[in-house]
Enquirer: 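Have a look at this one before I ask anything.
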Amino acid sequence: MKPPQTPAPDRSESAAPAAVSACPLPTVTQRRDFQRANRAPRVSTPAFVLQMSPTAPEGPARVGFTCSKKVGNAVARNRAKRRLREIARMRLPLRALPGHDYIFIGRRDETAARPMHQMLADLDRALDTLHGRKG
């Protein structure tokens, strides 16, 4: 007796899962871009600081993340950055202005512990404030 045959999985392109990016926006990696953002407008929230720096007007919006050793050990810093990347992924593709860099700076004890819905509300308020300054 033969075992029952299972149908072969559909390997067509439509059935292939799409690659999911951690954050669909390009990232800021150059030190000079982080330094430029440090002189730009910023908004402090309980869980993070958000800086917004203008770049080339025709360029895409970019995002950067930083957590110093004040945030904690490597485990705490990485957890904080993961949480910041997640809120950026959820909000910035819809709300970011083209030609601007958005830099997230983690805070000690708060970034890793604050509930996500509160961090999202903080990000919405911070973006409203920064975009209001732009006019």
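Being a predicted model, the structure only gives us computed values, none of them experimental.
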Enquirer: Nearest 0.5 Å, what's the CZ-CG distance between Arg114 and Asp109?
Expert: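 The CG atom of Asp109 is 13.0 Å from CZ of Arg114, to the nearest 0.5 Å.
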Enquirer: Answer whether the closest heavy-atom distance between the side chains of Met52 and Pro41 falls below 4.5 Å.
Expert: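 In short, these two side chains do not touch, never coming nearer than 4.5 Å.
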Enquirer: A side-chain contact here means heavy atoms from C-beta on lying under 4.5 Å apart; do Arg107 and Pro46 qualify?
Expert: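 No, every pair of side-chain atoms sits at 4.5 Å or beyond.
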Enquirer: With Glu110, which residues qualify under side-chain hydrogen bond (donor to acceptor under 3.5 Å, both in side chains), at least two apart?
Expert: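 Partners of Glu110 under the side-chain hydrogen bond (donor to acceptor under 3.5 Å, both in side chains) test: none.
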Enquirer: What is the minimum heavy-atom distance between Gln35 and Arg39, and which atoms define it?
Expert: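 The answer is O-NH1, 3.4 Å.
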Enquirer: Under 4.5 Å between side-chain heavy atoms, chaining through other members, with only Ile, Leu, Val, Met, Phe, Trp and Tyr counted: pull out the rest of the cluster around Val49, sorted by chain and number.
Expert: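 Besides Val49, the hydrophobic cluster comprises Val28, Phe34, Ile103, Ile105, listed by chain and residue number.
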Enquirer: Give the minimum heavy-atom separation between Ala113 and Arg83, together with the two atoms involved.
Expert: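 Where Ala113 meets Arg83 most closely, the heavy atoms are C-NH2, 4.3 Å.
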Enquirer: State which residues pass side-chain hydrogen bond (donor to acceptor under 3.5 Å, both in side chains) with Ser53; sequence neighbours excluded, sorted by chain then number.
Expert: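 Only Arg36 meet the side-chain hydrogen bond (donor to acceptor under 3.5 Å, both in side chains) criterion with Ser53.
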Enquirer: List the atom of Leu25, the atom of Pro93, and the distance in Å for their closest heavy-atom pair.
Expert: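 Distance-wise, the nearest heavy atoms are CD1-N, 4.3 Å.
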Enquirer: Are Met116 and Met119 close enough that some pair of their side-chain heavy atoms sits under 4.5 Å apart?
Expert: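 The answer is yes; the side chains approach within 4.5 Å.
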Enquirer: Can you tell me how far the CZ atom of Phe65 sits from the CG atom of Leu84, to the nearest 0.5 Å?
Expert: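 Interatomic distance, Phe65 CZ to Leu84 CG, rounded to 0.5 Å: 6.5 Å.
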Enquirer: Please report the closest heavy-atom contact between Ala88 and Val63, naming both atoms and the distance.
Expert: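 Distance-wise, the nearest heavy atoms are CB-CG2, 4.2 Å.
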Enquirer: Judged by atom type as modelled, is there a donor-acceptor pair below 3.5 Å linking the side chain of Tyr102 to the main-chain atoms of Leu127?
Expert: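 Here the side-chain-to-backbone pair does not exist.
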Enquirer: Is Leu50 close to Arg42 at the side-chain level, that is, under 4.5 Å between some pair of heavy atoms?
Expert: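 No, too far: nothing below the 4.5 Å cut-off.
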Enquirer: Run the numbers on Arg79 and Arg82 for side chain to side chain contact (heavy atoms under 4.5 Å, CB included), then give the verdict.
Expert: CA-CA 5 Å; Arg79 179 166 191 229; Arg82 278 194 310 271; 3.6 Å; yes
Enquirer: Going by the rule side-chain hydrogen bond (donor to acceptor under 3.5 Å, both in side chains), which residues pair with Arg91 if we only count those two or more places apart in sequence or in a different chain?
Expert: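 Here the qualifying residues are Asp124.
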Enquirer: Salt-bridge test for Glu86 and Arg89: reply yes if a basic N is under 4.0 Å from a carboxylate O, no otherwise.
Expert: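 A salt bridge links Glu86 with Arg89.
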Enquirer: Between Asp128 and Arg95, is there a salt bridge with N-O shorter than 4.0 Å?
Expert: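 Salt bridge between Arg95 and Asp128, a charged N being under 4.0 Å from a carboxylate O: yes.
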Enquirer: Test of understanding: with side-chain hydrogen bond (donor to acceptor under 3.5 Å, both in side chains), list the residues that count as partners of Ser68, not counting sequence neighbours.
Expert: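 For Ser68, no residue satisfies side-chain hydrogen bond (donor to acceptor under 3.5 Å, both in side chains) once neighbours in sequence are set aside.
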Enquirer: Test Gln118 against Thr45 for side chain to side chain contact (heavy atoms under 4.5 Å, CB included), laying out the working first.
Expert: CA-CA 10 Å; Gln118 289 179 346; Thr45 69; over 6 Å; no
Enquirer: Can you find a pair of side-chain heavy atoms, one from Phe104 and one from Leu123, that are under 4.5 Å apart?
Expert: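 Result yes, sub-4.5 Å side-chain heavy-atom pair found.
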Enquirer: Going by the salt bridge (charged side-chain N to carboxylate O under 4.0 Å, His left out) test, which pairs reach into residues 54-63, not counting sequence neighbours?
Expert: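 Pairs touching residues 54-63 that pass the test: Asp33-Arg62, Arg62-Asp101.
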Enquirer: Would Ile87 and Phe48 satisfy side chain to side chain contact (heavy atoms under 4.5 Å, CB included), going step by step from the backbone distance to the final call?
Expert: CA-CA 11 Å; Ile87 65 169; Phe48 58 89; 3.7 Å; yes
Enquirer: Please report the C-alpha distance between His100 and Leu130 in whole Å, then the side-chain angles of each, then the deciding distance to 0.1 Å, and finally whether the side chain to side chain contact (heavy atoms under 4.5 Å, CB included) criterion is met.
Expert: CA-CA 11 Å; His100 287 78; Leu130 288 171; over 6 Å; no
